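Structure first, commentary second.
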Amino acid sequence: MTKYVIRGGKPLYGTVDISGAKNAALAILPAALLVDGVCRIENVPQISDVSLILNILQELGADVRTVNRTTVDIDCSHVRNCQVSDALARKIRASYYFIGALLSRFGSAEVALPGGCDFGGRPIDLHIKGFTAMGAQVDVKSGLVQAKCPNGKMMGSTIYLDIASVGATMNIMLAATLAEGSTVIENAAKEPHIVDLANFLNSMGASIMGAGTDVIKIKGVDKLTGGIYSIIPDQIEAGTYMAAVTATGGELLVKNVIPKHLECITAKLIEMGAEVEERDDSVIVRRSGELCRTNVKTLPYPGFPTDMQPQVAACLCLADGTSVLTEGVWDNRYRYVDEFRRMGAHIQVDGKVAVIEGVPHLSGAAVEACDLRAGAALIIAGLAAQGITEISQIQHIERGYENIVQKLTGIGADIRVVVTPDEGAAAQAG
Ligand code: UD1
């Protein structure tokens, strides 16, 4: 078993470079299925979720070539297969984008229900509502989504989303791009990665207007042609390093970001005592005084992102006073709280509300990452804690953070990857 071992208590100083946005990449890479010709996609983060999506594309018959560490060429011209294998689809939430993309291209798709982090129920009824409104017949049986357009093509429609779902918005955009006629998505989500997907598709010849507002209009086009596109920087990765320096103290230059996307995070870190200076494509974050309590409610963009909730909770564990966290997106996103308690945090959870009473210090402990952002939050807690923290189940963290150990080491953290000898030998033998 591989663990992260952190000796905490050191402030962070230096520069950290932010990678391409995970949640944008996970939609843009499947969107290559709509393109006739080669798409060159730059600023692709090197994370295990991206590898899985590329594996699915290859399995479908796409030609995927790595150009350099962050650039990939994808040619889906010869893809004829509309079925994504169960084993791959179940490993990752974003496999649901293959339903929209395959429906758009072939009018047919067969994809297992997606996996991903466990935050309570994660239905895809709104995705299905959209596909059905566009003329697809969708059956969900034995964990498999089978969707087919009787006339072979998706038809434009007006779809009102009961919840501003990120996944449903992007999936319907994909399905509508090559559809017959126009589609309108009302109450669409507005996250930066939605705008990024629209920009990618438009740069290849799609006609999408209004991404970033709550009404998106997509005029179906006959085909998309190849081109070059660079993915936006990762808002949540940047926010995670900003939260880390807020927790440990120190000063960081966080490079390759879009400061506008970070405003919802910056506002809360400032309330907690951090100073944040915005530059054109970087932010400087420093914290030298006391950590202050605050209240945080997660909401769809431009609200405070749910994917930053555990990381900000790590900071609030050390703040002076009592803070209230309210989770406004997911039903069950506090599964990490027991691990924080092992480190000495005082947190009470009641449904979607967590009350955090700040303590003067956390103590290192052996803890387990239960999902991606919870794992990142445990790293932050470990960096700020006294003593040694050992984090297991780090595969969750590697799904979404490129080179996190190298990046943290580069800013002065004492973090190492340790393979437990016995278990390591057993893994090799197996
Ligand atoms: C995406 C992100 C995830 C992030 C979330 C919210 C990816 C791969 N994952 O997840 O990291 O936490 O956005 O920013 O991009 N809902 C329904 N029916 C649906 C779809 C969603 O009821 O068909 C509900 C969900 O249960 C949840 C809310 O809508 O309560 C928001 O979910 P959604 O925005 O769809 O999240 P994901 O796209 O799955």
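Note that these values count all heavy atoms, side chains included, but never hydrogens, waters or copies made by symmetry. Given the structure is predicted, the values throughout are model-derived calculations rather than measurements. Both ligands and their constituent atoms are indexed starting at 1 by order of listing.
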### Task
Give the numbers and elements of all ligand 1 atoms closer than 4.0 Å to a heavy atom of H127.
23 (O)
### Task
Return yes when Y301 approaches ligand 1 closer than 4.0 angstrom through a heavy atom, no otherwise.
no
### Task
Please determine, by modelled atom types, if Q309 and T298 share a side-chain donor-acceptor pair under 3.5 angstrom.
no
### Query
Does ligand 1 have an atom that lies less than 4.0 angstrom from a heavy atom of R333?
yes
### Query
What pair of heavy atoms forms the shortest contact from T169 to L161, and how long is it?
OG1-CD1, 3.3 Å
### Message
Using a 3.5 Å cut-off on N or O atoms only, is E191 in polar contact with ligand 1?
### Response
no
### Query
Between the candidates V166, I124, D371, L161, which shows the shortest non-hydrogen contact distance to atom 33 (P) of ligand 1?
V166
### Backbone or side-chain N or O of A168 under 3.5 Å from ligand 1 N or O
no
### Task
Indicate yes or no: does K22 engage D234 in a salt bridge with an N to O separation below 4.0 Å.
no
### Task
Please list, chain by chain and in numerical order, all residues satisfying side chain to side chain contact (heavy atoms under 4.5 Å, CB included) with S203, sequence neighbours excluded.
Y229
### Task
Just say parallel, tilted or perpendicular for the rings of F131 and H127, cut-offs at 30° and 60°.
perpendicular
### Query
Charged N to carboxylate O under 4.0 angstrom, E277 versus R286?
yes
### Task
Would you please say whether a donor-acceptor pair under 3.5 Å links the side chains of R341 and Y336?
no
### Query
Where on T306 is there a heavy atom closer than 4.0 Å to ligand 1, on the side chain, on the backbone, on both, or on neither?
side chain
#### Entry: I163, portion touching ligand 1 at heavy-atom distance under 4.0 Å
side chain
### Option whose closest heavy atom lies nearest to atom 18 (N) of ligand 1, chosen from D125, D49, D307
D125
#### Entry: Those atoms of ligand 1 less than 4.0 Å from some heavy atom in G167
35 (O), 38 (O)
### Query
Heavy atoms only: which of A164, P123, A21 is nearest to atom 26 (O) of ligand 1?
P123
### Query
Looking only at heavy atoms, is any part of V329 under 4.0 Å from ligand 1, and if so is it the side chain, the backbone, or both, or is it neither?
both
### Message
Among I218, I194, I208, exactly one meets side-chain contact (heavy atoms from CB on, under 4.5 Å) together with I185. Which residue is that?
### Response
I218
### Message
Need the ligand 1 atom indices (1-based, order shown) with element for anything under 4.0 Å from a heavy-atom of R122.
### Response
10 (O), 37 (P), 39 (O)
### Task
Check the angle between the aromatic planes of H261 and Y301 and answer parallel, tilted or perpendicular using the 30° and 60° thresholds.
perpendicular
### Query
Atoms of ligand 1 less than 4.0 Å from R93 heavy atoms?
39 (O)
